[in-house]
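Okay, structure first, notes after.
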Amino acid sequence: MERTKIIDVLRSEATGSDVLVKGWVRSFRANRFIALNDGSTIKNIQAVVDFENFDEAILKKISTGAALAVTGTLIASQGSGQAVEIQVKEIEVLGEADPEELRKTVMQPKRHSLEFLREQAHLRFRTNTFGAVFRIRHAVAFAIHKFFNDRGFFYLHTPIITGSDAEGAGEMFRISTLDPINPPLTEDGEVDYKQDFFGKQVNLTVSGQLEAELGAMALGQVYTFGPTFRAENSNTSRHLAEFWMIEPEVAFNNLKDNMDLTEDFLKYIADYVLTNCEDDLQFLHDREVKEDSQKPTAERNELNLMDRLKFVVDNEFKRLTYTEAIEVLKRSKPYKKGKFKYDVEWGIDLQSEHERYLVEKEFKCPVILTDYPSEIKAFYMRQNDDGKTVAAMDVLFPGIGEIVGGSQREERLDMLRKKCGDFNVSEEELDWYLDTRRFGTAEHAGFGLGFERMVMFVTGMTNIRDVIPFPRTPQNAEF
RNA sequence: GCUUCUUUAGCUCAGUUGGUUAGAGCAUCUGACUGUUAAUCAGAGGGUCCCUGGUUCGAGCCCAGGAAGGAGCGCCA
């Protein structure tokens, strides 16, 4: 008989017919009820064993975590917790799981802290929470490709190994095949990278944007979706050393087009998850509601998970300029009462506390801030006519902070070269990039979305390490 | 990197003013029961009290240093 996935068995109306399912035991109750899960859905199928007339040797091997092949008749359940169940005819134990060993793992049938689950990242897939998170993570990735494909974007693979650190987006991981103990040296006693694999110093990418711009200035609309690496010593719940980033880039788009695209995009993803991940979302929703009920009122979510997603889908994002934001902050209660740790003044970079105030207290919805002072943003962002600000935008989400950073790019060659000078960026190294401005330059814009931050938002997980299968953070590269 | 909190059984945690044999629930094992939904009942096993040093007649508890983890901040996506 062919195996049927549990998600299909549960949907099936064919009671009375025989099925074969394979999966892992979640629990074995009363020597009679096996809860079996195969990962196709968060739901388990209940397999009912007539233990009085069953091989005891097999029953003994059925324990939490074991892999089974179960053959039996699909029947309407006599119990109230499920619509259908399998009346077992035959069980083959595919892989045993020693209970004495299993009790040391996250697979034991009880609630665990997320910290403990993280220590066994290789086993946490078997839990309800992480099963749900990673099925949703897939759905978000798929939705992203679908969104762009449906709009005629081309998926562009930008290099993971790069020779430029021009963007200055952060500390980089160096890649080398040189002997680390005795590297070849130049006459000056420096490491001689000319003898390295690529004949120069190279790093893991911190952004595919500059390369994506080249694609956009020929293919029109492109996006990247790949791994990104930052060697920052960041110890927070929203930073990873290895994460995935989506960077669309569109020729002939200005900042307004860019904002519209971003908003459509984020709404599309939230909506996709709401309509396609019902069971997993409901589980995470209930989990959060339960957790919240044990917290003091002040620490609870104002909106629950489902409502937060619906809110993003149904409401316009609040758009305002940096200059307006500074004014709002200066009029705010915490500012007047001296509650902010950092001062608010035009020209400063907004601190987390300021962004959180705007998103969580003042507007209570996603916020797009635009037109930041030139000095605090990257060299490639387009200079506004006021001479002080650039056509930048940051999208701020409640609880997560900056989820998207983007801009209209500086397309005027002379202006871009001036900015290179101002920001100490080597024109020589970026000659290939400047060529786009030499040959048929045109206005264009794009943004970068932190994939894991989006997954955090749609799953309600509050630590970024819990939305990536194998988190890489300072001092941690396990498994 | 900075601030702050935490570290006691496989897990989650309690542990009084420094006092003799360190506890609970869950998990595991044994037995009973058997249409259960984190099954129930009875019993059992299970401890480098994070590490190092100090104070003390005596330290899980006090002091110093260190490590790991959480939360917040900075850097950012």
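So you know, we letter chains A, B, ... as the sequences are listed, proteins then strands, and number each from 1.
The distance between the ring centers of A:Phe243 and A:Phe451 does not fall below 6.0 angstrom. Between A:Phe265 and A:Phe147, a ring centre-to-centre spacing shorter than 6.0 Å is recorded.
Within the 4.0 angstrom heavy-atom criterion, base atoms lie near A:Phe51. Using a 4.0 Å heavy-atom distance criterion, A:Glu85 is classed as a base contact. A:Val404 comes within 4.0 angstrom of the backbone, heavy atoms only, and of no base. Looking at heavy-atom distances under 4.0 Å, A:Gly79 makes contact with a base. Residue contacts for A:Gln78: at a heavy-atom cut-off of 4.0 Å it reaches a base atom on one of the strands shown. Note on A:Gln82: a base of the nucleic acid sits closer than 4.0 angstrom, heavy atoms only.
With both ends at atom P, the span from B:A64 to B:G18 equals 16 Å, rounded to whole Å. For the P atoms, the distance linking B:G53 with B:A59 amounts to 14 Å, nearest Å. Distance check on atom C1': B:A27 versus B:G72 gives 34 Å, rounded to whole Å. Annotation: B:U52 and B:C73 have their P atoms spaced 36 Å apart (nearest Å). Only the C1' atoms considered, B:G15 is 14 Å distant from B:A9, to the nearest whole Å. With P as the reference atom, B:G23 and B:U37 are 32 Å apart, rounded to whole Å. Of the P atoms belonging to B:C2 and B:A77, the separation is 24 Å, rounded to the nearest Å. Distance check on atom P: B:G45 versus B:U55 gives 38 Å, rounded to whole Å.
Side-chain N/O atoms of A:Arg111 include none lying less than 4.0 angstrom from OP1 or OP2 on B:A27. The phosphate of B:G1 has OP1 or OP2 within less than 4.0 Å of a side-chain N or O from A:Asn233. Distances shown here put a side-chain N or O of A:Gln351 below 4.0 Å from the OP1 or OP2 atom of B:G74. Phosphate proximity of B:A68 to A:Asn476: absent, as no side-chain N or O sits under 4.0 Å from OP1 or OP2. Between A:Arg29 and B:A39, a side-chain N or O to OP1/OP2 separation shorter than 4.0 Å is present. The side chain of A:Arg103 places no N or O atom within less than 4.0 Å of a non-bridging phosphate oxygen (OP1 or OP2) of B:C29. Note on A:Ser113: a side-chain N or O is less than 4.0 Å away from OP1 or OP2 of B:U12.
Summarising the base pairing, B:G18 is matched to no nucleotide, lacking a Watson-Crick or G-U wobble pair whose two defining distances lie under 3.5 Å. Using N1 to N3 plus N6-O4 or O6-N4 for Watson-Crick, or N1-O2 and O6-N3 for G-U wobble, each under 3.5 Å, B:G58 pairs with nothing. The nucleotide B:G74 finds no pairing partner, because no Watson-Crick or G-U wobble arrangement with both distances shorter than 3.5 Å includes it.
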Criterion side-chain hydrogen bond (donor to acceptor under 3.5 Å, both in side chains) on A:Asn44 and A:Asn37, from CA distance to verdict: CA-CA 5 Å; A:Asn44 304 323; A:Asn37 186 283; 3.0 Å; yes

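Separating the CD1 atom of A:Ile86 from the C1' atom of B:G35 is a distance of 17 Å, rounded to the nearest angstrom. Taking atom CG of residue A:Asn53 and atom P of nucleotide B:U34, one finds them 15 Å apart after rounding to whole Å. As a whole-Å value, the separation of A:Glu232 CD from B:C2 P is 16 Å. If you measure from atom CD1 of A:Ile246 to atom C1' of B:A77, you get 10 Å, rounded to the nearest angstrom. Straight-line distance from the CZ atom of A:Arg26 to the P atom of B:A39: 13 Å, rounded to whole Å. Protein atom CD of A:Glu478 is 10 Å distant from nucleotide atom P of B:G69, rounded to whole Å. B:C75 atom C1' lies 16 Å from atom NE2 of A:His354, rounded to whole Å. Taking atom CD on A:Glu119 and atom C1' on B:G10, their separation rounds to 12 Å, with Å as the unit.
Relative to the six-membered ring of A:Phe173, A:Arg230 misses at least one condition, a distance below 6.0 Å or an angle of at most 45° to the axis. In this structure, A:Lys377 is positioned above the aromatic face of A:Tyr372, its NZ or CZ under 6.0 Å from the six-membered ring centre and within 45° of the axis.
Applying the side-chain hydrogen bond (donor to acceptor under 3.5 Å, both in side chains) criterion to A:Arg409, with sequence neighbours excluded, gives A:Glu249, A:Ser407.
Within 3.5 Å, no donor on the side chain of A:Ser234 pairs with an acceptor on the base of B:C76, nor the reverse. Taking 3.5 Å as the limit, the base of B:U28 and the side chain of A:Gln108 contain no donor-acceptor pair of atoms between them. Counting distance only, with no hydrogens placed and no angle test, the side-chain atoms of A:Glu115 and the base atoms of B:G70 include no donor-acceptor pair under 3.5 Å.
Residue A:Val70 forms a side chain to side chain contact (heavy atoms under 4.5 Å, CB included) with just one option from A:Ile62, A:Val88, A:Val49, A:Ile45, and that option is A:Val88.
Side-chain atoms of A:Asn149 never come within 3.5 Å of backbone atoms of A:His145 as a donor-acceptor pair (strictly under, hydrogens ignored). A donor-acceptor pair under 3.5 Å is formed between the side chain of A:Gln120 and the backbone N or O of A:Val106. Under a 3.5 Å cut-off, the side chain of A:Glu410 and the backbone N or O of A:Arg382 do not form any donor-acceptor pair.
For RNA chain B, the neighbouring residues in residues 235-244 of chain A, judged by any heavy atom under 4.0 Å, are A:Asn235, A:Thr236, A:Ser237, A:Arg238, A:His239, A:Leu240, A:Phe243.
Each of A:Lys341 and A:Arg32 was assigned the nucleotide of RNA chain B with the nearest heavy atom; the assignment lying further toward the 5' end belongs to A:Arg32. Mapping A:Arg453 and A:Tyr342 onto RNA chain B via the closest heavy atom, the residue that lands nearer the 5' end is A:Tyr342.
Nearest to the side chain of A:Glu100, among B:U28, B:U34, B:A39, sits B:U28.
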